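For reference, the structure discussed in these notes is given below.
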Amino acid sequence: MDSKLPVSSTNLMEPTPRRTFMCAAAAIVIGGVASFVPVVCGLLCFLDPILRRGNSVTASDGFLKAANVSDLPSDGTPERFTLRTDSRDAWTLYRSRVIGSIYLRKINDQVIAFNDTCPHLGCKVDYHEPTQRFFCPCHQSSFNLDGARQNKTPPRNLDALTVEIRGDKVYVKYQNFRTGDPQKQAIG
Ligand code: FES
């Protein structure tokens, strides 16, 4: 008598518990890897603005090109210049955005710069050619050519900025300062 059991087609096709387990484990691993990559990429993209150092793309040393030395009047008359830079707000890059304006004066081989914001309450000062003074229209205050206040309404002189001459270019370290304060305190 043949002791072997007949092999049915059902026995051949039916997966063993071990094979089922291996298939399930492989599916979990492959599925996990497949979903891990896009999740990490999405997360990095989402966190990109936070992971960046700072939110500005100004020159790494903080100086901005303001003018050519040769463009400045040689008699020391102030010239106003607008400063622009690229800036980033979260995911948005703004190119050539105006960040402020300054006055430059060339005195012999030197260039001096002032922020054109009045240190009293932040109005813009204008250069008044006939009197050769900077004039603040908000409270009728004035500053002489060296930035010294001519009355007591502004709590301090005009804010001088650091200048570097590189070849024929004038670079300025642009900063804003707290208004209404006798001390010159940088903000931002
Ligand atoms: Fe300039 Fe007041 S804002 S004097």
Side-chain angles (χ1 to χ4, degrees), residues 48-50 52-188:
D48 179 62
I50 299 169
R52 286 172 195 275
R53 284 189 192 165
N55 59 358
S56 171
V57 288
T58 55
S60 58
D61 59 2
F63 282 83
L64 296 172
K65 189 169 71 177
N68 295 325
V69 177
S70 52
D71 291 341
L72 302 176
S74 53
D75 61 358
T77 301
E79 284 276 329
R80 185 185 243 154
F81 293 90
T82 299
L83 295 181
R84 296 172 179 272
T85 187
D86 295 345
S87 66
R88 185 180 293 279
D89 179 10
W91 292 269
T92 309
L93 176 65
Y94 299 95
R95 297 219 174 264
S96 197
R97 203 179 200 184
V98 173
I99 59 163
S101 44
I102 59 170
Y103 282 102
L104 294 180
R105 291 186 63 212
K106 183 163 76 174
I107 306 162
N108 301 321
D109 290 337
Q110 287 201 320
V111 175
I112 61 173
F114 297 111
N115 191 316
D116 72 349
T117 302
C118 178
H120 180 219
L121 293 178
C123 292
K124 293 292 182 187
V125 298
D126 297 315
Y127 177 61
H128 189 239
E129 183 93 51
T131 57
Q132 297 195 330
R133 292 196 172 170
F134 296 101
F135 179 70
C136 179
C138 291
H139 303 101
Q140 313 295 308
S141 296
S142 61
F143 305 82
N144 72 16
L145 282 173
D146 294 329
R149 60 181 176 160
Q150 299 300 291
N151 59 307
K152 298 285 189 205
T153 304
R156 61 177 187 266
N157 299 335
L158 281 182
D159 295 313
L161 300 167
T162 306
V163 174
E164 271 192 24
I165 308 293
R166 302 176 188 172
D168 184 47
K169 311 283 185 212
V170 182
Y171 281 78
V172 173
K173 189 161 194 170
Y174 184 76
Q175 288 180 292
N176 285 309
F177 302 89
R178 195 186 305 278
T179 56
D181 193 326
Q183 303 300 319
K184 183 182 172 185
Q185 295 193 59
I187 55 174

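Numbering of ligands and ligand atoms starts at 1, following listing order. In this text, all values refer to a predicted model and were calculated from it rather than measured experimentally. Values below: every heavy atom of this structure, side chains too, minus hydrogens, waters and symmetry copies.
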If you measure only the distance, is there a donor-acceptor pair under 3.5 Å linking the side chains of Lys124 and Thr117?
-> yes
For ligand 1, which atoms sit closer than 4.0 Å to a heavy atom of Cys118?
-> 1 (Fe), 3 (S), 4 (S)
Is Cys123 close enough to atom 1 (Fe) of ligand 1 to have an N, O or S atom under 2.8 Å?
-> no
Donor on one side chain, acceptor on other, Asn68 and Ser70, under 3.5 Å | no
Starting from atom 2 (Fe) of ligand 1, look over the N/O/S atoms of His120 and name the nearest one.
-> ND1
Using a strict 4.0 Å cut-off to heavy atoms of Cys136, name the atoms of ligand 1 that fall inside it.
-> 1 (Fe), 3 (S), 4 (S)
Got a donor-acceptor contact below 3.5 angstrom from the Arg178 side chain to the Gln185 backbone?
-> no
Can you tell me which residue and heavy atom of the protein come closest to atom 4 (S) of ligand 1, and the distance to 0.1 Å?
-> Ser141 OG, 3.2 Å
With respect to atom 2 (Fe) of ligand 1, what is the nearest N, O or S atom of His139?
-> ND1
So do Cys123 and Cys136 have their SG atoms closer than 2.5 Å?
-> no
Any Lys/Arg nitrogen of Arg105 or Asp146 sitting under 4.0 Å from an Asp/Glu carboxylate oxygen of the other?
-> yes
